[in-house]
Each structure stands twice: as C-alpha cells, then as structure tokens.
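Order of appearance sets the numbers: ligands from 1, and atoms from 1 within every ligand. These numbers come from a predicted model, not from an experiment.
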Amino acid sequence: MSARNILVINCGSSSIKFALINRSHSTPLISGLAERLNSAEAALIWWHGGSIRKQQELPGADHRAALEQLLPLVDEACGGELHGIGHRVVHGGEHFTQAVRIDDSTLEAIRATVPLAPLHNPAHLVGIEASMQLYPGLPHVAVFDTAFHQSMPEHAFRYAIPEDLYREHSVRRYGFHGTSHRYVSLRAAEVTGLAVGDSSWLSAHLGNGCSTCAIVDGQSLDTSMGLTPLEGLVMGTRSGDVDPNLHGHLSRSLGWSLDEIDRVLNNRSGLLGLSGLSNDMRTLEQARNQGHRAATLAIEVFSYRLAKSLAALSCALPRLDGLIFTGGIGENSALVRAKTVGYLSLLGLAIDKTANARCVGGVTGGINLPDSTRILVIPTNEEKQIALDTLNLLQQRKGA
Ligand code: ADP
C-alpha cells in the first residue's frame, strides 16, 4: 500500500496542475503544471522531486494534448507503476459527501453541478474525460472541495431567503477548501496527540482564496465561504462579504452590468482593491514596512475581518482545542497571525512572538504562549490528501 503511486490532477480553465504522490516519499516524485492552454504560449513545466525546473513549449495545446505530453513523464517517474488518478473537483453540490470512484453516473452528477461552478467544473470534466480516455484501465477518483462541508447543520448552511430558492435552485452555503481544512485538522490532532473523534478546531486557510472552518470531532460544522468562494473573508482579489445590496447600488448608480460587478468583486477587490498595489501579501508587507498607507490598511482589514470570522465560527464549537493557520499567508505571515490573534483574547488566545517568528517557510509548530489555548501553524498539502482519499477508496473497494 505505501508503495502505491497516485497521480493527482487539478484542471483549471486554461491550466492543469499535477503531482505524483507516493506516501513513502515526502515530496512528489514529479509535479508541475501545463499553463496557458488553448493559446500560442501554452507550455508544460515540471520538476522531478526537488530538482530543477524543466519546460516544454506546447503551442496551441488543449487539455488533452497537454495530458498526452505529461502522462509519459509521470509513467517514467514511477517506472510504469501508476495505481490510480485522483481528480480535484471544486463543486460536488449536495450530491457528493466524500470522494467517489468515477463512472458514468459520477460524470453525470458532476455535470449537473456545473451551474453552481460554471468556471471550474467544466474544466474538471474536460480533464477527467481526457485522462479516462488516455488511461481507461486505471481507477479514477473525484475528490470534492465541498464534500467535507456537507456535514454542516441546516442552520449553518441555509440563507435567510425564500425556501424555494433552496429546494428548487440549490441556493445554500456549500463552503470550499474542504480538502485543506480536513488535512490540517487531521494533522493538528496528530501533532497534539488528541483523538480526531474528540477534538474541536478553528482553521484559517489563507492563500489567494481564504476561508475559515469550525471542525468538531473530524466534521466541518461551519465555514466562511458560501454558495460561491466569494463569501466570507477578504482575499487576494476577492472582496469577501459586502452588503448584499451592493450589486443593485452599483448597477443603479454607475450603470454597471452584472458581469462587470462580478469581475470587480472577484478580480479587482480584496487585498488588491484595498491596497491599489498587489494581491500578494509579501509585496504588501514590504510596502507597509516602507510606510505605504493603503498597503497598511489592506493588512489591517484582512486581519480584523479574519478575526471576526473566527470569533463568529466559535459559536459552532463546544470548546476550542486550537486555532490552525495554513495556506501561503497562514504558513508564512507572522504579521497577519499576530494581528489576528491580537483581536481574539476573548477566546483565550495569546501569541508567543518568538515561536511566531520561527514558524515560517513550511515549519509546523505551536505559536501560543504557555497559558493560551493552542495556536498551530500547519502547512497544508491538498495533493497528499487527495492521494490518500484516492488510495483509501481503492483499498475499500478491494476489501469489499
Ligand atoms: P494559492 O491559494 O494560490 O495556493 P498560496 O497558498 O500559495 O496560494 O498563498 C499565496 C499567498 O501567500 C500570497 O498572498 C503570498 O504573498 C502569501 N505568502 C507566501 N509567502 C509569504 C511570506 N513569506 N510572507 C507573507 N506572505 C506570503
């Protein structure tokens, strides 16, 4: 089992990210991405283990053409011993509560969720269908970002809008980043020696997209993202929560179309919108150090809104065993962690400055003062979790 090689594939509209995972190796055997697909600049970039980057131009390549190029590299990296493919799928609607083996009915159900994720799910389907054609003999598994949050109780996932919008049009809160929240909460239980089935966490996944999650006994009970990944926290380019009347206001007062408003809230807001400078936290921290007023404000709003979300999600917990920071910002920004925790003393949280400064660049560790509730920095590894889910499913079917 430990020698099994699983390829993890994440198809976007113009890209494919991939990683070949073997549980007995700490880094992927090969990983990389095909980017700018369907354009003259399409290219495949990859790394073997920690080795130097290689690149091949693939002008005009689509998803299938890119997979045809990358799959032989994967085959070579695992000596022809590939055991399964795990596909990341952003939206599984209410249908999928866990990872599933892909067959015709799974594909049909993923197709049915396209209206809920019009940008992501069609790209996933293209990648799944192309790789199933190229590897018909291998098991293919779909792992959903939304599945972990299907344990949310109805009082957490319903919006206060007319019921038929939920019953007939599936308008409810789904949540995303489930694979990451699950991975870090399992790791948190592991590193603290607590039983997963008797543990209670708040987690903050802070990458380009950001979300919080309340996890009790291994189950998500609430999360900050909703029907779409726009709800909740301030993110790199997404606004997070705004007044729901903002769409109407912008349309009436500026004459903007729905598409324009969507673009502004998804692509030009968040850290980028507030700072007018960048969506990248590293750039903003540097600018703040040089006295940039708007970058300073962006970091303040980001941290305050994050703390507010964590405090709100604490309502879902019987007690707090620990707060987990993960994602590029959560794993590296001691500044954001310190500012956020500074607002959460009512939850019994206090940060240790030295430990906080030390836990960067992939270090796992506790960053709380001795008399504080635990605060943990835990690097996420969504590819590994997808590979583990794929392996578990294949193993269960063998045993069945
Ligand atoms: P994605 O969601 O695309 O996977 P990541 O999890 O890699 O993104 O997170 C990207 C974010 O992490 C960016 O805002 C980046 O600036 C931030 N980040 C990465 N390294 C650091 C660092 N050393 N200090 C502060 N922020 C960092």
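- The protein atom (non-hydrogen) at minimum distance from atom 17 (C) of ligand 1 is Ile329 CG1, 3.6 Å.
- Nearest non-hydrogen protein atom to atom 2 (O) of ligand 1 is Asn208 N, 2.9 Å.
- The shortest contact between atom 16 (O) of ligand 1 and any protein heavy atom is with Asp280 OD1, 2.4 Å.
- Protein heavy atom at the shortest distance from atom 22 (C) of ligand 1 is Asn332 CB, 3.2 Å.
- By the 6.0 Å and 45° rule, Arg172 stacks over the aromatic ring of Tyr174.
- Distance screen at 4.0 Å: atom 4 (O) of ligand 1 has no protein heavy-atom neighbour inside the cut-off.
- Around the CZ atom of Arg268, the shell of radius 6.0 Å holds no more than 12 heavy atoms that belong to other residues, nucleotides or ligands.
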* Asked: Passes side-chain hydrogen bond (donor to acceptor under 3.5 Å, both in side chains), Ser333 versus Glu285? Steps please.
  -> CA-CA 9 Å; Ser333 177; Glu285 287 194 14; 2.5 Å; yes

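- For atom 18 (N) of ligand 1, the candidate residues are Cys210, Gly328, Gly236, Gly327; the nearest heavy-atom contact is made by Gly328.
- Residue Ile21 holds its CD1 atom at 12.0 Å from SG of Cys78, rounded to the nearest 0.5 Å.
- Separating the CZ atom in Arg173 from the OG atom in Ser224 is a distance of 7.5 Å, to the nearest 0.5 Å.
- For ligand 1, one of its N or O atoms has an N or O atom of Arg282 under 3.5 Å away.
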* Stepwise side-chain hydrogen bond (donor to acceptor under 3.5 Å, both in side chains) test for Gln290 and Arg288 -> CA-CA 5 Å; Gln290 290 155 9; Arg288 175 182 176 273; over 6 Å; no

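- In terms of protein heavy-atom proximity, atom 26 (N) of ligand 1 is closest to Met281 CB, 3.6 Å.
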